[in-house]
There are 2 protein chains.
Amino acid sequence: MEDQKQKLELVKKPTVNDIARVAGVSLATVDRVLNRRPGVRAVTVQKVQKAIDELGYVRDTAAANLARNRVYNFLFVLPDTDNEFVEALSTQIGEQSWDQFIERTRMTIKKVAPFDPQDIVEILDGVDGRDVDGVAVFGPETPSVRDAVKRVRDKGVPVVALVSDLPSSDRDHFVGIDNVSAGRTAAQLMGRFVHRPGKVLVLTGSRLARDHLERRQGFDLVVAEEFPHLEVVASVEGRDDPDLIYKMMPEIFETYPDLVGIYSSAAGNAGLVQFLSESKISKGLAIIAHELTPLSREALCRGTFDALISQDSGHIVRSAVRLLRATSDKVPFNRAQERIRIDIYLKENLPP
Amino acid sequence: MEDQKQKLELVKKPTVNDIARVAGVSLATVDRVLNRRPGVRAVTVQKVQKAIDELGYVRDTAAANLARNRVYNFLFVLPDTDNEFVEALSTQIGEQSWDQFIERTRMTIKKVAPFDPQDIVEILDGVDGRDVDGVAVFGPETPSVRDAVKRVRDKGVPVVALVSDLPSSDRDHFVGIDNVSAGRTAAQLMGRFVHRPGKVLVLTGSRLARDHLERRQGFDLVVAEEFPHLEVVASVEGRDDPDLIYKMMPEIFETYPDLVGIYSSAAGNAGLVQFLSESKISKGLAIIAHELTPLSREALCRGTFDALISQDSGHIVRSAVRLLRATSDKVPFNRAQERIRIDIYLKENLPP
DNA sequence: TTGAAAGCGCTACCAC
DNA sequence: GTGGTAGCGCTTTCAA
């Protein structure tokens, strides 16, 4: 930090030429040391390294990429569902592909059967380190997926986990929100929005999905801690399937006539919205769902949903790309910029 | 869009050499046309332009910047207050300066007397187009400021308005949130959080600050529309001054004994927090304030504040820089990425 | 009005 | 092991 400050005063940054001059070697040798290539005597490496440190050299990535004509090829592995959030991710990848193309990076999407670890494993094992420079995976944290991710990384290909973390796999980075906190946030809103005592339902997706589990966990914690007037009943697993959810709703309301709130912590909101718009049950029921999508936005504006917990899909994609590039180039990245926020949306603060 | 899609299939992007070859001219001429420099016959321009269009050429900014050894010098004009949000902006500028330095951009801060248009005008009029490539201004929208901004732009120097918009000045961009929506958001939260009927106070900063006015406006609108149990009383102007605010509070509570909520729409929260922690009045009082800072964060965690409306200072600085660079280079930018969100923070979704 | 050539910071290939 | 040199895409003298 001190060194950096100092450097800012400098008129010019040192270049490879400066290093060569100071170390008394050729450009080629400097380059070899810089890129940790073999074929340089230890003493020479020392000399060069000394010059690098003294000068406070920082590689000009743009120039390097230009010289080597570098192109980054990144693979996005996404579940093949018509879930609106996954679609938003795909759309973002599509929309950003031109901007990224200009910045020397190509993005490819591969869709895999949802909730099917085997399919992901196959894709992952098919990754060729020669034509893929990084992989972003959105999938369940099963032992087989975990091992497949490890295998990809062993090939030297960086991997980031998207939306749902895969910590046990040693992925290079996680790009998404802290889902326990997201659940806690939903609970706080629920507790504040609902005045009368009653039961609250958590609609979840799959037991395999780490993100869903974490949300439920955070939700329960805060309701228990802060809102004694609410009681969270057993989760209902909707498998992110609108039809299934739609069909399950009547029975749920029969079982819990005193329902005062629903936390839809996964996808498949279309089923919920449809049911609510048909039956007039929703009166006085607080509903908090996840992800800003055209459907949920509409529901929020109509007052069917009361709040949305969301994560910015555009930011997620940009962040995944930046992290993959930084990892691939072994350069540092800006933590604060890569942090995905837990967005809260009310109808008042929707983006235009 | 169609063209771009097509381009993505291509193996390589066309370069200046391709244009030169296709147009049958030299590199130098291509460059002259590309950069709209004089000294090229109209017919030649046509030829080159045709080749550019045909090939779908897009300039490689990195290579261009390398060749011309471009450095961007940006000036940030900020009010000289100890207001925590302004400090956050300064801190961000400091923290990002190394990253930006690496990317060929230097940031300078100039502090001006707060709420004093004349001081800003002087700084702005002192801007020399030869050593400043862009200006980011956080200031009041007065006629003199507006005219000074116009003068800067007339010199060919891009200007972005920071946090508080200066639409009448024709600034190139506004980097900040929609403050009417921010006020609406605060009102929605207030209405949902407060159950019993009563009065709500809006603590504002200055009548000159466009952002404060807009927030108040949005707040009033939503309370009137949706929450008949609340009554917004006349604004109190705290001039972003903690001491002043602290001193005013007792009288306010005397005047409105049935206060149920406070919307602190400007700065100076320290005074409010101090008063509340000393008197035990705050019980059952909903308080919504602006900007996530160490102080407000602490107040939120302790339960003194109930929610925060915020804008990400890191994002604001990065966005200002990107917009200034894009404007300066006359290249397009990504709207979605530059949109500053209206963040809502509860104690549950605070960043680590 | 136009073009040839050098050079930005870095990499890579081919000699020695 | 090491160095010379061409070249990435673009800009910028300097001559013609």
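By convention in this document, chain letters (A, B, ...) are assigned in the order of the sequence lines, proteins followed by strands, and residues within each chain are numbered from 1. Note: hydrogens, waters and symmetry copies are ignored here, and every other heavy atom, side chains too, is used.
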Test item: side-chain donor near acceptor, A:Gln49 and A:Asp53, under 3.5 Å: yes

For A:Arg104, salt bridge (charged side-chain N to carboxylate O under 4.0 Å, His left out) partners two or more places apart: B:Asp60

Terminal axes of the helix from C:dT1-D:dA16 to C:dC16-D:dG1 (five pairs each): angle between them, nearest 10 degrees: 50°

ring-ring contact (aromatic ring centres under 6.0 Å, His included): pairs with one or both residues in residues 21-55 of chain A, sequence neighbours excluded: none

Member of A:Asn35, A:Thr15, A:Asp329 meeting the side chain to side chain donor-acceptor pair (under 3.5 Å) criterion with A:Arg59: A:Asn35

Nearest-Å distance for atom pair NZ/P, residues A:Lys47 and D:dG1: 14 Å

Sequence-distant partners of B:Arg341, salt bridge (charged side-chain N to carboxylate O under 4.0 Å, His left out), two or more places apart: A:Asp312, A:Asp343

Exam field: side chain B:Asn73 to backbone B:Asp133, donor-acceptor pair closer than 3.5 Å: no

Under 3.5 Å side-chain donor-acceptor pair for B:Ser328 and B:Arg70: yes

Where protein sits on nucleotides 3-16 of chain C, one letter per nucleotide: B base, S sugar-phosphate only, - none, heavy atoms under 4.0 Å: BB--BBBBBB----

Residues that B:Ala51 engages under side chain to side chain contact (heavy atoms under 4.5 Å, CB included), provided they are two or more places apart: B:Ile19, B:Val22, B:Ala23

